[in-house]
Amino acid sequence: MNKLFLAMVITTATVFLVWLLVQYANQQMVPVVPPDPLFKEVSASIEDRIENLLSYMTLAEKIGQMTLVEKNSIITERDIADYHLGALLSGAGSQPEQNTPEDWKKMIDGYQAMAEESRLGIPLLYGVDAIHGHAHVQTATVFPHALGLGATKDAELVYKVAKATAAELRATGVNWSYSPTLDQPQDIRWGRVYEAFSDDPALVTELGVAYVKGLQTHSDLFKDNLFVLATPKHYLGLGSMQWDTSLNKNFKIDQGVTLADKELLYAKHLPPFAAVVEAGALSIMVGLNTWGEQRMVLQKELLTDVLKGELGFKGFLVSDWYGVHEGRRNTFWATVQAVNAGVDMVMLPFDYHTFARHLTWANRLGLVSNERIDDAVGRILYAKFALGLFNTNDESSALVSIPNVDHQVLAREAVAKTLVLLKNEDNLLPLSPNISSILVAGSAADNIGRQVGAWTIEWQGIDGNWLPGATSILSGIKSRVSQRTLIQYDVLGNFATSEIKAPVGIAVVGENSYAEGWGDTEQLVLSDEDLQAIANLKASANQVLVIIVSGRPLFIADEIDSFAGLVAAWLPGGEGAGVSDVLFGDKPFVGTLPIPWPSQIEQLPIGYDDETADGTQLLFPRYFGLSL
Ligand code: BGC
């Protein structure tokens, strides 16, 4: 009996070893590529080109395509060719040594040249988070963050903003953007509220589609190709996470557990993704959230059956930053599970050597099938062909200059449309440019870093006036008033006392910049300094207008009665003069609240129909906004 068992074990082991050897031998065979392969034929269909290219690819080359590496993690540039890397990214704050448009282009062209040196010369996708312009580049145009664009409800404007952003991306060699955000923030304690357009699925859908089209739409020189590949994110259920459920020990709600049941998830969070798929999105990012018992990267039903199956998504799914491996002890198994669930490209973003080894073994052991790998690679190649990356177009005349005056004009127009007028007692606004004097105070009045917010040069943003070419809200006010108007500014509102009060004081107050879970907080109140500035202004001016520069509504119910006027300016970006355009009546107030404005923390989270958690009344409902 024992001998028989032993014989069976030995036979099984031998058969398995032989099978492995055959697999290995098969994978070592490198198909020969003819001089003019079909995949280089611009006139052939994308499907034929993919099939042809796949037929020449070794397993290592396929796995390389599924690999997304942060550029600072490349050990030696030669690895781009040797590991057949499919895509690189600049994470937030990761720039060339000199952060100029020219150096970005030179850097990325260099990486592309290295990719060309690989056997098949498959071009790279190079991605950045252009979530409010190409704001990692020193002189690029910085548009308002998405929540402000949501306040405009203006799809045409969003289309133009995305198109201008795409032009600046291509000018620096970037062909891929991790935007737009289709999240639906229901809890303003989340540090990513401002990255979303709204919590209303209908508005998120409309503006998300406009953004995708703006990024991807052909210019004359890109007639048949996408211009910049969009990546709607984060699939699925972001914005509906529960406070205090984050899997990241540093955070509270970011990377947390999505509360929605299946019905709500499908009814509210899915439609914007269905719409962008329909509009031609060819890459979608999977979120770092958990739903039910599982992280999103493992939800095969949502990733594969629903998105790729029912919704007919032809593009590829890219995981978020370290999202496949974070918190997983067994990274081999994490890779196997995520790829089998439907992740096509893994944003590692660091250790690509281990990933290549793991996925190779997973395939050899039959844990990830050839079909799954071919499907993933085919999807990535689809996007690359659709972008025209294999075509040898001369793009030089399509490249816009940076800084770009036309784009700055557009940004200023956008700022004006994002402003929401919440209170205007005694017709305080519009202000007359001939007013005798204005006192200005507050932490965000003369602080471009607060205005542009995070994801600008650095991930968490940089406080202060350091961004070349940008204008602060204060300088916008100064440049609009008549020559005889006296403008005085003090951040804390400490003005010399005089018997006659100034007619108007403007307090520009708000939040410090923050990104992602670092902005998770319950302290959604004005700082002591800003409250002091408002109090000081009230002592020196007859009427005080408060402008809030923030990534979300703040709790102001206790103070609002003392403001004569109140404007929500969100995170307007680099063109502070867009604010004064509206304050002085050159342009109308057209913005409305893209999300409800609560009066107290107990109201959170706020439901889709504006219902508060404690049943009390909101300070302002969604879409509230006065006009003059
Ligand atoms: C964010 C993504 C972003 C990615 C790449 C992650 O931390 O969650 O939204 O696209 O980083 O920078």
Side-chain angles (χ1 to χ4, degrees), residues 67-73 86-95 104 125-137 145-147 165 169 174-185 190-197 204 208 211-212 215 228-239 241 246-256 258 272-273 276 281 283-290 295-297 316-327 338 343-350 453-461 513-520 551:
T67 309
L68 173 55
V69 184
E70 210 292 325
K71 66 127 179 131
N72 289 337
S73 294
L88 301 179
L89 84 145
S90 274
S94 167
Q95 298 117 9
W104 273 83
L125 287 171
Y126 197 97
V128 302
D129 292 274
I131 60 172
H132 63 147
H134 191 4
H136 305 301
V137 181
H145 269 292
L147 195 64
T165 301
L169 288 168
V174 178
N175 51 27
W176 190 20
S177 176
Y178 309 127
S179 58
T181 300
L182 304 182
D183 304 340
Q184 298 168 19
W190 188 30
R192 308 193 76 164
V193 172
Y194 63 85
E195 290 184 57
F197 294 116
V204 170
Y211 198 99
V212 167
L215 280 184
V228 165
L229 181 67
T231 301
K233 63 187 187 183
H234 304 82
Y235 188 84
L236 186 72
L238 262 82
M241 296 87 63
S246 181
L247 293 191
N248 183 320
K249 65 177 181 351
N250 296 310
F251 303 160
K252 297 301 277 183
I253 184 167
D254 191 39
Q255 304 184 14
T258 293
F273 284 94
V276 289
S283 136
I284 286 177
M285 190 184 291
V286 184
L288 298 170
N289 59 327
T290 293
R295 286 170 190 250
M296 196 48 66
V297 279
F316 68 93
L317 276 173
V318 57
S319 55
D320 198 347
W321 185 270
Y322 201 40
V324 167
H325 300 113
E326 174 137 43
V343 171
D344 302 301
M345 183 188 278
V346 179
M347 191 190 296
L348 289 163
F350 321 109
W455 299 94
T456 318
I457 311 295
E458 290 296 337
W459 184 36
Q460 298 294 323
S513 68
Y514 52 81
E516 300 194 36
W518 299 108
D520 289 353

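Hydrogens, waters and symmetry mates are skipped; everything else that's a heavy atom, side chains included, is used. Numbering of ligands and ligand atoms starts at 1, following listing order.
For ligand 1, the atoms lying closer than 4.0 Å to a non-hydrogen atom of Tyr178 are 10 (O). Which parts of ligand 1 touch Lys233 is read off a 4.0 Å heavy-atom cut-off, strictly below it: atoms 2 (C), 3 (C), 9 (O), 10 (O). Below 4.0 Å from some heavy atom of His234 lie the following atoms of ligand 1, by number and element: 2 (C), 8 (O), 9 (O).
Checked against a 3.5 angstrom limit, the closest N/O atoms of Trp455 and ligand 1 fall outside it. Some N or O of Asp129 is nearer than 3.5 Å to an N or O of ligand 1, by distance alone. Remark: ligand 1 and Arg192 share an N or O pair separated by less than 3.5 Å (distance only, no angle test). On a distance-only criterion, Trp321 and ligand 1 share no N/O pair closer than 3.5 Å.
For the residue pair Tyr178 and Ser283, no side-chain donor N or O sits within less than 3.5 Å of a side-chain acceptor on the partner. Glu70 and Trp321 form no side-chain donor-acceptor contact under 3.5 Å, judged by distance and modelled atom types alone.
Taking a 4.0 Å cut-off on heavy atoms, Glu195 fails to register as neighbouring ligand 1.
Looking from atom 7 (O) of ligand 1 to the surrounding protein, the closest heavy atom is Glu516 OE2, 2.9 Å. Annotation: atom 2 (C) of ligand 1 to nearest protein heavy atom, Asp320 OD1, 3.2 Å.
Nearest heavy atom pair, residue Tyr514 against residue Ala454, reads O-CB, 3.1 Å. Looking at every heavy atom in both residues, Pro180 comes nearest to Ala230 through CD-CB, 4.5 Å.
For the pair Asp183 (side chain) and His234 (backbone), a donor-acceptor distance under 3.5 Å is present.
Test Asp129, Thr181, Asp320 against Lys233 for side chain to side chain donor-acceptor pair (under 3.5 Å) and you get one pass: Asp129.
Note: His325 and Tyr322 have tilted aromatic rings, judged against thresholds of 30 and 60 degrees for the angle between ring planes.
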